[in-house]
Visitor: 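The following block contains the structure, expressed as structure tokens.
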Amino acid sequence: MEITIDLESPDPLFAQLIEQIKAAVQSGAIESGDALPSIRQLARDLEINNKTVAKAYRLLERDSVIQTRGYRGTFVHPEAKANSTIDLVAVVEEKLHAVVAELRELGATDSEIRVAFGEVLNRRGR
Amino acid sequence: MEWYSLLFYLLFVGQILLISYWLPRRMSARVASIFENYPPAEYPKLYPRSLDYYQLGHSLFVGCNRAILLLGFGILLALLTVVDHATFADDGFISEAWPAGYGMIQALPFVLLECIAFSQFRLMRATQSDSTRKAELRPRRFFDAASPRLVVAAVAAFLLSVGVDLWIHDFVLSWDHDTTQRAFWLVVGNLFMVSIGLWQLYGRKQDPYQSFSDRARQTRAQWTSLLSVSIVMSFFMLSTAVDDVADIDFLDAPLMSLYFQIIVLLSIGLLLRTLRPEEIDFEVYRERPAET
């Protein structure tokens with residue numbers, strides 16, 4: 001099973017990775033219990049940063065699509081198929097869309113919303 | 001003429017013909033068939049430089065091997081007629097320096113070819129305009145590439161070689177002792193080969209367009225070759241250790257010539273036999289039609 005990412009696509013690389021791995025689970029190309037490549041191997045093959053792959057793996061693990069079993073490596077989660085149906089990016093975009101629309105209604109400008117979002121995200125990161 | 005001298009001359013003729021005639025001829029035929037069956041017009045990604053450049057490199061490889069072939073027969077003639085073996089070597093037998101030195105010269109065109117291939121892959125990567133990247137969604141594991149039996153055999157051969165060498169020489173370990181130096185070079189040689197194998201297995205693909213199945217096949221072939229060479233290297237070192245006590249100096253030159261031939265057969269010969277062009281996916285080197 002091969003995955004393909006586009007370095008010039010407007011979609012973030014980690015999102016492309018998540019989408020491709022979920023699609024592979026959905027299509028049955030990889031099944032629960034199957035071993036996945038290490039972060040380093042996948043990053044090297046795709047010629048992208050290790051951190052990008054690590055981020056995608058972290059989000060997939062959070063969504064119970066994959067699971068890390070210590071030194072043995074990363075595997076497809078037993079419930080992966082059921083957990084691969086939700087498109088996280090779409091969910092986040094939908095929620096943000098609603099919030100932004102509400103803020104605009106309250107009279108906030110796009111610039112103010114951007115600054116406020118930045119501050120909230122920065123505070124969350126600290 | 002003594003039987004061991006005759007044996008050496010026969011093996012030396014074999015070394016000349018095998019490394020400077022038969023193998024280059026097979027490689028040359030393969031390169032020519034690739035030029036013919038996979039031309040630049042249809043497979044542009046395979047040729048980051050003009051075809052003339054590759055044809056020049058091919059001619060250089062053929063020319064070098066022809067010159068080395070003639071040199072080999074020149075050395076053979078000199079060994080038969082001019083060289084005074086009694087004064088050239090301390091023991092009076094044909095020196096192993098002859099097949100070893102000539103073997104190193106014979107290896108030069110192949111080293112040149114490796115350098116050209118390395119620069120070719122770098123150029124392929126530099127000219128890669130496609131923004132898509134592919135990866136296989138399964139881990140590459142050591143024993144998928146290396147046969148467990150060969151690994152065990154290589155480790156056993158190494159331990160046997162070092163162990164017997166130490167036993168023969170009363171377990172003396174000092175840097176000025178042959179045993180220590182042999183063990184050192186055996187370790188260095190094996191580490192070098194293991195690092196090449198691991199780089200091939202876990203490192204970045206050299207050829208950016210190579211399909212994953214071709215890469216897996218190449219890695220398996222390379223590990224088989226490296227492990228086989230390691231086993232032969234261990235046994236060769238063992239033979240030199242036994243030589244110290246068994247008084248078989250007259251076999252030094254024949255063994256050296258035989259060693260070179262086996263090493264070349266297990267490396268270049270095995271890879272040539274395993275990685276056939278008809279089994280390689282050349283479609284990856286075609287230009288993809290522009291997406292609309």
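Hydrogens, waters and symmetry mates play no part in the numbers below; they use all other heavy atoms, side chains included. For clarity, every value in this text was computed on a predicted model and none was experimentally measured. Chain naming here is simple, since letters A, B, ... match the order of the sequence lines and numbering starts at 1 in each.
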Visitor: Please determine if Glu19(A) and Lys22(A) form a salt bridge, counting it only when a charged side-chain N lies under 4.0 Å from a carboxylate O.
Guide: no
Visitor: Is Ala24(A) in contact with chain B via its backbone, its side chain, both, or neither, using a 4.5 Å heavy-atom distance?
Guide: side chain
Visitor: If you define the side chain from C-beta out and look only at heavy atoms, does anything of Trp185(B) sit under 4.5 Å from Met233(B)?
Guide: no
Visitor: My understanding is that only one of Gln120(B), Gln128(B), Arg122(B) makes a side chain to side chain contact (heavy atoms under 4.5 Å, CB included) with Met124(B); could you say which?
Guide: Gln120(B)
Visitor: Indicate yes or no: at least one non-hydrogen side-chain atom of Ile263(B) is less than 4.5 angstrom from one of Phe236(B).
Guide: no
Visitor: Under 4.5 Å, heavy atom to heavy atom: which of residues 36-51 of chain A reach chain B? Give them by number, or say none.
Guide: Leu36(A), Pro37(A), Gln41(A), Leu42(A), Arg44(A), Asp45(A), Leu46(A), Glu47(A)
Visitor: Would the Tyr54(B) and Tyr47(B) ring centres measure less than 6.0 Å apart?
Guide: yes
Visitor: May I ask you to test the Phe110(B)-Ile19(B) pair for a side-chain heavy-atom distance under 4.5 Å?
Guide: yes
Visitor: Under 4.5 Å heavy-atom distance to chain B, tell me which part of Ile30(A) shows up: side chain, backbone, both or neither.
Guide: side chain
Visitor: With sequence neighbours left out, write down each residue that passes salt bridge (charged side-chain N to carboxylate O under 4.0 Å, His left out) with Asp52(B), or none if nothing qualifies.
Guide: none
Visitor: Quick check on Arg140(B) against chain A: is it the side chain, the backbone, both or neither that has a heavy atom closer than 4.5 Å?
Guide: both
